[in-house]
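Report on the structure given below.
When a ligand or atom number is given, it counts from 1 through the structure's own listing order.
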Amino acid sequence: MTHELWYTHPADTDWTRALPLGCGRLGAMLFGNVAEERLALNEDSLWCGGPRDRVNPDALAALPEIRRLLFAGRLADAHALTVDAISGIPDSQRHYEPLGDLLVTFPAGELEEYRRSLDLDDAIAHIAYTQGGVHYTREVLASEPDQAIAMRLTADQAGSIAFRVRLQRGPLDSYSSRYADTVRPEDGCGLVMTGAAGGEHGVRFAACLRVTVDGGTVRTLGDTVIVEGADDATLLLTAATSYRESDPAGYARSRAIQAAERGWEAIRADHLREYRAYFDRVSLTLGGDPALDALPTDARLACVQAGAADPGLDALYFHYGRYLLIASSRPGSLPANLQGVWNDSFTPSWGSKYTVNINTEMNYWPAEVCNLPELTGPLFALLDGLRVTGRLVAREMYGCRGFVCHHNTDIWHDCCPTDRNLSASFWPMGAAWLSLHLWEHFAYTGDRDFLAQAYPTLREAALFFLDFLTPDPRGRLVTAPTCSPENVYVLPNGEQGTLCAGASMDNQLLDMLFRACRDAATVLGIDDPDGAAFEAARCRLPQPGIGKAGQLMEWPDDFDEVEPGHRHVSHLFGLYPGDLIAPDTTPELAQAARVTLERRLAHGGGHTGWSRAWIINFWARLRDAGQAYAHLQALLAKSTLPNLFDDHPPFQIDGNFGGTAGIAEMLLQSRPGEVRLLPTLPAAWPTGSVRSLCARGGFTLDFAWANSTLTTVTVTSRLGTPCILRHADREVALTLAPGASITLDGTLT
Ligand code: FUC
């Protein structure tokens, strides 16, 4: 079965209809326009401005006073002092920018038929149309092996290909080379565009285009490449910045020359081999309606918006999430940012940065379960960088050992508070949450060498809190100042607060982080000198509390929220992705989590794409299939753009990844020593099959179901660790040799 997004019309000027291609470092949005084709280009390290030291020198001295004010309930004073004394200087981080546009102009003419598609199995976009009796095709791909974006143009009649190409950078509706320093012709068949983004130590960049043809001619005229009378043509686009290369133009030029010498067929073949090695690992079918399967993607999305259930679209959305992760996060690239690697704005929302109070973490939720563990590499490289800069921030701003990162970072690993935003900026838990992904990676892969390398980061993230935690008036150890991202509470006297001491989410994160350190040290046989202190601190953390409405408390006291339907549901971290709350191990907390969700939703919660995606995962863990499916439907109906990108609004990629993880979580859940099949199977998916999803403990699972009942499962163990396999009310204890598999029927026998 092929997996594709397809359309009967070009995207025209609508970026939310264009189709994304990417190889981690390079990204492109293909519009598929017949006369004025546009490839909107990105390079992952083209950010505005260089590294900065934004440490606020007054933070350390102000910290005791901020804490005193918070514990005395003098919120306004604590807020005022924090904003001035703890904000980074200057107050914002660097942001991501587009590389530019490749604009290809074709002769105008009457169209007879048109089709545009993105084939997820091959990571190739196709445009096909007939004009003046000639059938034309365009194939476009982003090649990791060649580090190039390649477009192949063919026609069924010799000599029919003619076009003009330019490279531009800037808004297309005005004089648009203004953000490039130079655009120069090269060798009669290409262009080089260079420039710099953002001030004195800004990022220098270069994009290089080369055009090759069979038959016909190619020449440059000014900054335009002109092709006439060709049988076929190949456009190759390469790029680099000074973030990685001292000579970006030299690098881009040599990659383009190399790619041109190798030619389209070799580029395409190597691309398929490299890409399919990731994408082919997993398969999923969820049944479906052939009538819906036959519709163009935007039309079937419209059916879901009108209330239809479309299991085929659910499965496509899952595969698209895997595709997008492979396309935006490859070994050696930067991690997927708020827009993956696809941004068309010079002032993108939230800078298209790394927001680490939910968004960046959500981007990587599908990686392990979807059998793409290597794609976490860019995230872990980011963490390595945060460890270096975050150490300085920990020491100079808070007088603490270890490293700290607040709610946001950029490619320079900026760990200081950013944006002077009381409800978000002063949350010191970013490094803690990201570090837990190291432990998750080990939980899935059992890779001890990885854990040995990761352990120093894990413990250093925890070490910060040994020094930062402070006793509250009840003797508990709490984070302060902090917030519960990005919510606001009301005191009984009506005063509103954002900063607090010991937000529920922080306590849950720290409980997991200290346990991860303890368990990692045990696995590695390390007697950590701080191990006892980690455990002692963990025991003094506030425990989850249940409030007057039966909800899980978000703050240390049972405050009301200003916005009860707030998009963040941070205090359910322990339910998902954390492991503190589950219906079978902590039924009372699970019930409180349910009440929390119901309250949020009763007040309009889930209104952003990523919030809705998180809610799917919460319901999946609570094993409420009806709710999980209703919110998957809502994610598609209310927060998905015609190109199936997640809509915050605007486009933000986290919801795609959270939604993909949510679908996996409905089908398979695991914790060390336990794998649960079909825990949250919705009625809309009575029949289906899965190949090679992963579970904690080093298992891969192939399984199928019919009439909403498991029919067969094959468990493969990479590590030989024991596990209990559960389905419905049945369970079986398995101990397989490393590399061994067992196939069971639907009764687990
Ligand atoms: C957090 C969220 C916003 C948005 C931004 C990038 O601040 O609260 O909704 O996703 O990150």
Subject >> Option among Y576, W433, F657 that satisfies the ring-ring contact (aromatic ring centres under 6.0 Å, His included) test with W365 >> reply: Y576

Subject >> side chain to side chain contact (heavy atoms under 4.5 Å, CB included) against T680, all qualifying residues, sequence neighbours excluded >> reply: A620, R623, A625, A628, M666, Q669

Does ligand 1 have any N/O atom under 3.5 Å from a protein N/O, and what are those pairs and their distances?
from: ligand 1; atom 1: 7 (O); to: E486; atom 2: OE1; distance (Å): 3.1
from: ligand 1; atom 1: 7 (O); to: E486; atom 2: OE2; distance (Å): 2.4
from: ligand 1; atom 1: 8 (O); to: E486; atom 2: OE1; distance (Å): 3.2
from: ligand 1; atom 1: 8 (O); to: E486; atom 2: OE2; distance (Å): 3.1
from: ligand 1; atom 1: 8 (O); to: R567; atom 2: NE; distance (Å): 3.0
from: ligand 1; atom 1: 8 (O); to: R567; atom 2: NH2; distance (Å): 3.0
from: ligand 1; atom 1: 8 (O); to: H568; atom 2: NE2; distance (Å): 2.6
from: ligand 1; atom 1: 9 (O); to: R567; atom 2: NE; distance (Å): 2.9
from: ligand 1; atom 1: 9 (O); to: W610; atom 2: NE1; distance (Å): 3.3
from: ligand 1; atom 1: 9 (O); to: H648; atom 2: NE2; distance (Å): 2.6
from: ligand 1; atom 1: 10 (O); to: N359; atom 2: ND2; distance (Å): 3.1
from: ligand 1; atom 1: 10 (O); to: W610; atom 2: NE1; distance (Å): 2.9
from: ligand 1; atom 1: 10 (O); to: H648; atom 2: NE2; distance (Å): 3.3
from: ligand 1; atom 1: 10 (O); to: Q652; atom 2: NE2; distance (Å): 2.9
from: ligand 1; atom 1: 11 (O); to: N359; atom 2: OD1; distance (Å): 3.2

Original post:
Is a side-chain donor or acceptor of N507 paired with a backbone partner of L541 at a separation under 3.5 angstrom?
Top reply: no

**OP:** Report the residues that fulfil ring-ring contact (aromatic ring centres under 6.0 Å, His included) with F403, sequence neighbours left out, ordered by chain and then residue number.
**Re:** none

**OP:** Look at the side chain of R169 and the backbone N and O of P98, then say whether any donor-acceptor pair between them is shorter than 3.5 Å.
**Re:** yes

**OP:** With sequence neighbours excluded, tell me which residues meet salt bridge (Lys or Arg N to Asp or Glu O under 4.0 Å) with E486.
**Re:** R567

